[in-house]
Amino acid sequence: MTWSPREKSQLKYSLHSPLSTLHSPLSTMVRTRFAPSPTGYLHIGGVRTALYNWLFARQHGGQFILRIDDTDRQRNVQQSLRPILDGLRWLGIEWDEGPEVGGPLGPYYQSQRLDRYRNAVEKLLAGGHAYYDYATTEEIQAERAAAEREKRMFRYSRRFMAETPADRARFEAEGRQAVVRLKIPAEGKLTIDDAIRGRVEFDWANEQDHVVQRADGTCLYHLANVVDDHDFQITHVIRAEEHLSNTPRQVFIVEALGYPRPAYAHLPLVAEPGSHTKLSKRKLDKYLKNRDFAELFEHGRKIAALIGHPVEADAFNPVIVDFYQTVGFLPEAIVNYLALLGWALDDKTEHFSRKELIESFSLDRVNKAPASFDPRKLMAFEERHFQQLPQEEKVSMVLPYLQKAGFLSDTLTVADRAKVAAIVKAAGDRIKIAGDILSFSEFFMTKPPIDPVAKKKAIHKPTEDIELLKNWCQVIPTIQPFEAATYEKRLHEFASTEERRFGDIVRLLRVALTGKSIGLGLYETAEILGYSANTTNIQLFIFDLAQKPEDNLPRSEDD
RNA sequence: GCCCCCUUCGUCUAGUGGCCCAGGACGUCGGAUUCUCAGUCCGAUAACACCGGUUCGACUCCGGUAGGGGGUACCA
């Protein structure tokens, strides 16, 4: 069933009725959370979930909590957490409570809350909502296989359920060990009013007696999740759609424990480019076959290679946030793009500042269908946000890349900064990512390498071209002051006396000065390079032409 | 298999019964501008998954089908 926006917004308030009817200060409080498991990287889909939680909390003046789901991995948690914490901070998704921030309800690591879970299990057991089960894994598997053979749905027979101390003693005498299972009702329905999907109905008959505690006493995700959400007073559980099917068992635990039910909002998946399958970090090879994805990767790879960042590293992957941070994307652009991946304000507004997002975000305008990740559109947002940056900020963003690539030393001179500022200004919209500054390396080299293809394109007749360049070198000292405007004027005068097409001269000079066929405007290039580099680069080029005549044949028709 | 969710241009989306022979953005393709590239400007292209029903009228409501996705763990 679908809901009108009005119905939906009414739903928003009636949903978490246990809280809103309390008339306590809690009723107006919004608390959301993002609960990553420490995997060592921040997935772009995870960021979107975190972002929506954060936006929702900020909009309502509530709190955004970061909790670490490390029930499964005790080792290297801190190390695996680092990229996640750094990534979130870089994107400006700050948490009010959680790791490195603390908070009144800590600890914020599941691995440090085990006693809480144990208590909950006890309570479940005491209330008759769970039971000790002594079946072995093999026995369960056998039942499952039998069900499959008979083409009926598997449901555990509860053959080794122990509800009395006597039962327990009997099974234990056989050397069996107990897990704790949920005692799911045999029939009946469960309705969930999802803030995004509307009303969703489940049949208890389709649920399993899920295990909540292992034989060794450790507990499982769903139990921990529910207990933590309650302990942290989470009012709105906003998470990916993959959890929708798991919600019944969580609601079961919620009710069995007598907790108030939080509001649920299940977000559509972030899918692969051009598909509706969940975007995965592990399928880089597959995505690289997608032209747009490959282009983004390649763009980043070039930058990374120049700054000595390992491009074969696991985290160097456009599915992972680290990629964008490494090559110099703007957090604002990523946030803007991701906000729109599954949500829209209206039929035209696309460009949002963080503040605007906080003001206009709403759960009831979140879409239901999976949204595929479009590298191209992300890039478009990056371009737009970068364009709007003040010159000074562009310069500050770009400088570290020149330093990392070894074009500038760690201690910057005023002249360095001025030069970079001039390049950034002349580059205009050519710089889209901070790392793009590295495509203007010619300004930082005493002898820029000459691109053979560029050279071939610019050369017509080597001897005449050399002659032309020599003549131009005679003119250079007369360019006073040595600036773009005067350079342009002299060059036009020069072109008319030489009787060569202006475009040809420009092309030739560009290669002579920079070694490339593409670059900034020629006059600006000349000005930034300065008087001496102008003459020496041209002389080096002439030398190159004279040395390797075989390379300098005029290009043929089919070139 | 069973359960749940989803379905508007290639992609992100607007659309809450007549405003829609469907609007915006990215892309793509043309064209203009410039010394290259980027940008900018102008134009074009392209979608309501399908079948029934309800209604004077359906992208919008209902039913079904198909397709896609998720779940079904002593993973999270």
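Below, chains carry the letters A, B, ... as their sequence lines are ordered, and counting in each starts from 1. Note that these values count all heavy atoms, side chains included, but never hydrogens, waters or copies made by symmetry.
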Novice: Any strand is fair game: report the nucleotide pairing with rU60(B) by Watson-Crick or G-U wobble, both distances under 3.5 Å, or none.
Specialist: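 With both distances under 3.5 Å required, rU60(B) matches none.
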Novice: Between P on rA73(B) and CD on Glu242(A), what's the gap in Å once rounded to a whole number?
Specialist: 16 Å
Novice: If only atom types and distance count, is the side chain of Asp194(A) paired as donor or acceptor with the main-chain N or O of Ile196(A) below 3.5 Å?
Specialist: yes
Novice: Under 3.5 Å for both donor-acceptor distances, Watson-Crick or wobble: does rU34(B) have a partner, and if so which one?
Specialist: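 With both distances under 3.5 Å required, rU34(B) matches none.
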Novice: Using a heavy-atom cut-off of under 4.0 Å over every strand shown, decide if Gln213(A) touches base, sugar-phosphate, or nothing.
Specialist: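 The residue Gln213(A) makes no contact with any strand.
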Novice: When the ring planes of His222(A) and His210(A) are compared, do they come out parallel, tilted or perpendicular, using 30° and 60° as the limits?
Specialist: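 Tilted.
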Novice: Could you give the CD-to-C1' distance, from Glu350(A) to rG23(B), as a whole number of Å?
Specialist: 12 Å
Novice: Need one value for Thr137(A): base, sugar-phosphate or nothing, where a base atom within 4.0 Å counts as base even if backbone is also close, heavy atoms only.
Specialist: base
Novice: Both distances below 3.5 Å, Watson-Crick or wobble geometry, any strand: find the nucleotide opposite rC19(B).
Specialist: none
Novice: Using the P atom in both, what is the distance from rG1(B) to rG39(B), to the nearest Å?
Specialist: 48 Å
Novice: With nearest nucleotide decided by heavy atoms, which residue, Thr349(A) or Gly519(A), maps closer to the 5′ end of RNA chain B?
Specialist: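 Nearer the 5' end of the strand: Thr349(A).
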Novice: From the list rC35(B), rC4(B), rG71(B), which nucleotide is the closest neighbour of the side chain of Phe202(A)?
Specialist: rC4(B)
Novice: Can you figure out which of rG69(B), rC74(B), rG10(B) approaches the side chain of Thr277(A) most closely?
Specialist: rG69(B)
Novice: Within the modelled atom types, does a donor on one side and an acceptor on the other bring the side chain of Asn246(A) and the base of rA73(B) under 3.5 Å apart?
Specialist: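 No pair found.
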Novice: Sort out the partner of rA44(B) for me: Watson-Crick or G-U wobble, both distances under 3.5 Å, none otherwise.
Specialist: rU28(B)
Novice: Of all the choices, rG1(B), rU13(B), rG69(B), which nucleotide is nearest to the side chain of Leu269(A) once you look at every atom?
Specialist: rG69(B)
Novice: Could you tell me the separation between the CD1 atom of Ile140(A) and the C1' atom of rA73(B), rounded to a whole number of Å?
Specialist: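 It works out to 11 Å between those atoms.
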Novice: In Watson-Crick or G-U wobble terms, both distances under 3.5 Å, what is the partner of rA66(B)?
Specialist: rU7(B)
Novice: Give me the distance, rounded to whole Å, that separates rC59(B) from rU54(B) when you measure between the P atoms they each carry.
Specialist: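 Going atom to atom, P in each nucleotide, I get 16 Å.
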Novice: Nearest to the side chain of Asp347(A), which nucleotide is it out of rG23(B), rC4(B), rG71(B)?
Specialist: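 Nearest nucleotide to the side chain: rG23(B).
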Novice: Phe381(A) ring centre to Arg384(A) NZ or CZ under 6.0 Å, with the angle to the axis within 45°?
Specialist: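 Positive - Arg384(A) is close enough to the ring of Phe381(A) and near enough to its axis.
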Novice: Counting heavy atoms from C-beta on, name the nucleotide in rC35(B), rC12(B), rC74(B) closest to the side chain of Phe502(A).
Specialist: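 Looking only at side-chain atoms, Phe502(A) lies closest to rC35(B).
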Novice: Would you call Glu241(A)-Lys368(A) a salt bridge at under 4.0 Å N-O?
Specialist: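 Salt bridge flag = no for Lys368(A) with Glu241(A).
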Novice: What are the two closest heavy atoms between Gly342(A) and Ala371(A), and how far apart are they?
Specialist: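 Heavy atoms of Gly342(A) and Ala371(A) come nearest at N-CB, 4.2 Å.
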Novice: For the backbone of Gly198(A) and the side chain of Asp193(A), can you confirm whether one donor and one acceptor N or O come within less than 3.5 Å of each other?
Specialist: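 Absent.
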Novice: Determine, step by step, whether Lys516(A) and Asp451(A) satisfy the salt bridge (Lys or Arg N to Asp or Glu O under 4.0 Å) criterion, reporting the C-alpha distance in whole Å, the side-chain angles of both residues, the deciding distance to 0.1 Å, and the verdict.
Specialist: CA-CA 6 Å; Lys516(A) 299 176 180 174; Asp451(A) 171 16; over 6 Å; no
Novice: Using a cut-off of 4.0 Å on non-hydrogen atoms, how would the nucleic acid contact of Asn225(A) be classed: base, sugar-phosphate, or nothing?
Specialist: nothing
Novice: With distance as the sole criterion, do the side chain of Ser245(A) and the base of rG70(B) form a donor-acceptor contact below 3.5 Å?
Specialist: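 Result: at least one qualifying N/O pair found.
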Novice: Expressed as a whole number of Å, how far does the P atom of rU45(B) sit from that of rU65(B)?
Specialist: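 One P to the other, the span is 38 Å.
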Novice: I want to check one thing: is the phosphate of rU28(B), taken as OP1 and OP2, less than 4.0 Å away from some side-chain N or O of Arg376(A)?
Specialist: yes
Novice: Quickly work out the Asp364(A) CG to rA14(B) P distance and round it to whole Å.
Specialist: 12 Å
Novice: NA contact type, Phe154(A), heavy-atom cut-off 4.0 Å: base, sugar-phosphate, or nothing?
Specialist: nothing
Novice: What is the distance, to the nearest angstrom, from the CG atom on Leu267(A) to the P atom on rC5(B)?
Specialist: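 Taking atom P of rC5(B) as the reference, CG of Leu267(A) is at 17 Å.
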Novice: So what does Arg384(A) touch, heavy atoms closer than 4.0 Å: a base, only the sugar-phosphate, or nothing?
Specialist: nothing
Novice: What is the distance, to the nearest angstrom, from the CG atom on Leu279(A) to the P atom on rC12(B)?
Specialist: 13 Å
Novice: Provide the distance between the two P atoms, one in rG67(B) and one in rC50(B), to the nearest whole Å.
Specialist: 15 Å
Novice: Mark yes or no for whether Asp346(A), through its side chain, and Thr349(A), through its backbone, hold a donor-acceptor pair below 3.5 Å.
Specialist: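 Yes, Asp346(A) side chain to Thr349(A) backbone: donor-acceptor pair under 3.5 Å.
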Novice: Does rA73(B) pair with anything, Watson-Crick or G-U wobble, both distances under 3.5 Å, and if so, with which nucleotide?
Specialist: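 In the structure as shown, rA73(B) has no Watson-Crick or wobble partner.
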Novice: Quick one: does His222(A) reach the base of rA76(B) with a side-chain donor-acceptor pair under 3.5 Å?
Specialist: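 Such a pair is found, so the answer is yes.
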Novice: Within the 4.0 Å heavy-atom criterion, would you say Ala526(A) contacts the bases, only the backbone, or no part of the nucleic acid?
Specialist: nothing
Novice: How far, in whole Å, is rU13(B) from rA47(B) if one measures between their C1' atoms?
Specialist: 12 Å
Novice: Under 4.0 Å, counting only non-hydrogen atoms across every strand here, what does Ile505(A) touch: a base, just sugar-phosphate, or nothing?
Specialist: nothing
Novice: Does rC75(B) have OP1 or OP2 under 4.0 Å away from a side-chain N or O of Arg214(A)?
Specialist: yes
Novice: Take atom NZ of Lys278(A) and atom C1' of rC5(B), then tell me their distance rounded to the nearest Å.
Specialist: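 For the pair Lys278(A) NZ and rC5(B) C1', the rounded distance is 15 Å.
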Novice: Report which part of the nucleic acid Lys516(A) touches: base, sugar-phosphate, or nothing (heavy-atom distance under 4.0 Å, all strands).
Specialist: nothing
Novice: Which value, in whole Å, describes the distance between the P atoms of nucleotides rC9(B) and rC48(B)?
Specialist: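 Each nucleotide's P atom is 7 Å from the other's.
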Novice: Run the ring-centre check on Tyr337(A) versus Trp343(A) and record whether the distance is less than 6.0 Å.
Specialist: no
Novice: Provide, to the nearest angstrom, the distance between the CD atom belonging to Glu295(A) and the C1' atom belonging to rA38(B).
Specialist: 14 Å
Novice: Quick check: on RNA chain B, is the nucleotide nearest Ala427(A) upstream (toward 5') of the one nearest Lys348(A), or the reverse? Name the residue that is more 5'.
Specialist: Lys348(A)
Novice: Considering only atom C1', compute the distance from rA14(B) to rC20(B) and round it to an integer number of Å.
Specialist: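 To the nearest whole Å, 11 Å.
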Novice: It should be established whether Arg365(A) places a side-chain nitrogen or oxygen under 4.0 Å from OP1 or OP2 of nucleotide rG15(B).
Specialist: yes
Novice: Between the side chains of Arg116(A) and Asp231(A), is the shortest nitrogen-to-carboxylate-oxygen separation below 4.0 Å, so that they form an ion pair?
Specialist: yes
Novice: Mind checking the C1' distance from rG43(B) to rA58(B)? Whole angstroms is fine.
Specialist: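 rG43(B) and rA58(B) have their C1' atoms separated by 33 Å.
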Novice: Which listed nucleotide (rG39(B), rC12(B), rC4(B)) is nearest to the side chain of Lys432(A)?
Specialist: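 The closest nucleotide is rG39(B).
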Novice: Looking across every strand, which nucleic acid part, if any, lies under 4.0 Å from Gly521(A) by heavy atom: base, sugar-phosphate, or nothing?
Specialist: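 If one applies the 4.0 Å heavy-atom cut-off, Gly521(A) turns out to touch a base.
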Novice: Nearest to the side chain of Ala371(A) - rU13(B), rC6(B), rC4(B)?
Specialist: rU13(B)
Novice: Taking atom types as they are modelled, is there a donor-acceptor pair under 3.5 Å from the base of rC12(B) to the side chain of Lys377(A)?
Specialist: yes
